[in-house]
Number of protein chains: 2
Amino acid sequence: MFSIGELSKRTGVKIPTIRYYEQMGLIDAPERSEGNQRRYSKEGLQRLSFIRHSRELGFSIEDIKGLLELSQHPEKPCQDADKIAVQRLSDVRARIAKLRRLERELKRITACQADNVASCAVIESLADHGLCDAEH
Amino acid sequence: MFSIGELSKRTGVKIPTIRYYEQMGLIDAPERSEGNQRRYSKEGLQRLSFIRHSRELGFSIEDIKGLLELSQHPEKPCQDADKIAVQRLSDVRARIAKLRRLERELKRITACQADNVASCAVIESLADHGLCDAEH
DNA sequence: CTTGAACCTCTAGCCGCTAGAGGGATTATA
DNA sequence: TATAATCCCTCTAGCGGCTAGAGGTTCAAG
């Protein structure tokens, strides 16, 4: 049994965020102390770790609800979980591709050698999309 | 002189977003028609294009305010503009690196061959951070 | 002159937190 | 045991960057 502060330290999830997850229905309302303070068990810790890890991988709160739901029913087929993860993978790949294009353009832009704004590549490039290497 | 709808079509920025930018002080309040409708000039179009392009590159509203400010003063040194862009470039690179790590892990996770959730790699991996290849 | 699309303002909602006010509970030390 | 320091409670409001909807007005084509 540990307090919300302990749980926060162990998982790296901030206290208000833990309460927010409870509110959103991601974690069950835990037991309370005599004085109405939250007291968590090992299961609470595991669940929150799961959530934290999932958030780090960019799963949405809704995705995580689905994954948690699945993890409570080990007999179900895992297609659904796989589908969510595959979707995330393709999101991530799309974002990487987009960021790579941005990187290229920013690199070009920041190669600016001008002294003043009048002929500064940063400003010019932003003003004139036609100068871009690629669509975005 | 064109309407907000026209401006929206030409720039690809949605109408409520244009009004939002006006509210945020990114674009000046334009002239109005007799009946109080917004009427934009070529300058308005250019400015909004600049903004759109900057947003696509991930500059924040505040960044863009700075860049617009600079672009109105061509005599100023362009160091500041360059600084903002360089900062963005390093942000973008950091994000790419992070997403790459996520991609690796998601790829591993989605290689799940199990039939049911009990032994599904997706769920397992999320529950046990220790299985990850890398920190994130 | 009528109709229907486009426009207006205003308020509220989205996500995923985060911050602060104003209080009560717990724990470490004197 | 008293007190101080720290923790925790609920509640409300705010962040960025939009987006949606209500309820009303104006514009432009036929």
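Because only heavy atoms are used, hydrogens play no part in the values below, and waters and symmetry mates are left out as well, while side chains stay in. Letters go in sequence order (proteins before strands), and every chain restarts at 1.
Residues meeting the salt bridge (Lys or Arg N to Asp or Glu O under 4.0 Å) test with A:R88, sequence neighbours left out: A:D91. Legend: residues meeting salt bridge (Lys or Arg N to Asp or Glu O under 4.0 Å) with B:K65, ordered by chain and number and at least two apart, are B:E62. With sequence neighbours excluded, no residue forms a salt bridge (Lys or Arg N to Asp or Glu O under 4.0 Å) with B:E69. For B:R10, the salt bridge (Lys or Arg N to Asp or Glu O under 4.0 Å) partners are B:E6, not counting sequence neighbours. By the side chain to side chain contact (heavy atoms under 4.5 Å, CB included) test, B:L7 pairs with B:F2, B:T11, B:I18, B:Y40, B:L45, B:L48, sequence neighbours left out. Remark: B:E103 engages A:R93 in a side-chain hydrogen bond (donor to acceptor under 3.5 Å, both in side chains) (not counting sequence neighbours). Taking the side chain to side chain contact (heavy atoms under 4.5 Å, CB included) definition, one finds that B:K14 meets it with B:P16, B:T17, sequence neighbours left out.
Rounded to whole Å, atom C1' of D:dC18 lies 14 Å from atom CG of B:L48. Note: CZ (A:F2) to C1' (D:dC8) measures 16 Å, nearest angstrom. Rounded to an integer number of Å, the gap from A:R55 CZ to C:dC15 P is 12 Å. In this structure, CE of A:M1 is placed 21 Å from P of D:dC7, rounded to the nearest angstrom. Atom CD1 of A:I51 and atom C1' of C:dG16 are 13 Å apart (whole Å). Note: CZ (A:R52) to P (C:dG16) measures 17 Å, nearest angstrom. For the pair B:Y20 OH and D:dT19 C1', the computed distance is 11 Å after rounding to whole Å. The CD1 atom of B:I61 sits 5 Å away from the P atom of D:dG17 (whole-angstrom rounding).
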List, with names and distances, any nitrogen or oxygen atoms from the protein found under 3.5 Å away from nitrogen or oxygen atoms belonging to nucleotides 20-25 of chain C.
from, atom 1, to, atom 2, distance (Å)
C:dA25, O4', A:Q37, NE2, 3.4

N/O-N/O pairs, protein side and nucleotides 13-15 of chain D side, under 3.5 Å:
none

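Residue pairs meeting the salt bridge (Lys or Arg N to Asp or Glu O under 4.0 Å) criterion with at least one partner in residues 33-44 of chain A, sequence neighbours excluded, are A:E22-A:R38.
With contacts defined as side-chain heavy-atom distances shorter than 4.5 Å, the pair B:R55/B:I61 qualifies. By the 4.5 Å heavy-atom criterion applied to side chains, B:L26 and B:Y20 are not counted as neighbours. The shortest side-chain heavy-atom distance between B:I96 and A:R100 falls under the 4.5 Å cut-off.
The stretch residues 3-18 of chain A touches DNA chain D through A:S3, A:I4, A:G5, A:I15, each having a heavy atom within less than 4.0 Å of the strand. Residues from residues 64-72 of chain B with heavy atoms under 4.0 angstrom of DNA chain C: there are none.
For D:dC9, one of the phosphate oxygens OP1 or OP2 lies less than 4.0 angstrom from a side-chain nitrogen or oxygen of A:R38. Residue B:Y21 places at least one side-chain N or O closer than 4.0 Å to OP1 or OP2 of D:dC18.
For A:S60, the side-chain atoms get nearest to C:dG16 when compared with the rest of D:dG17, C:dG16, C:dC8.
Residue B:Q72 places its CD atom among more than 12 non-hydrogen atoms of other residues, nucleotides or ligands, all under 6.0 Å distant.
Note that CZ of B:R19 is 11.0 Å distant from CD1 of B:I27, once rounded to the nearest 0.5 Å.
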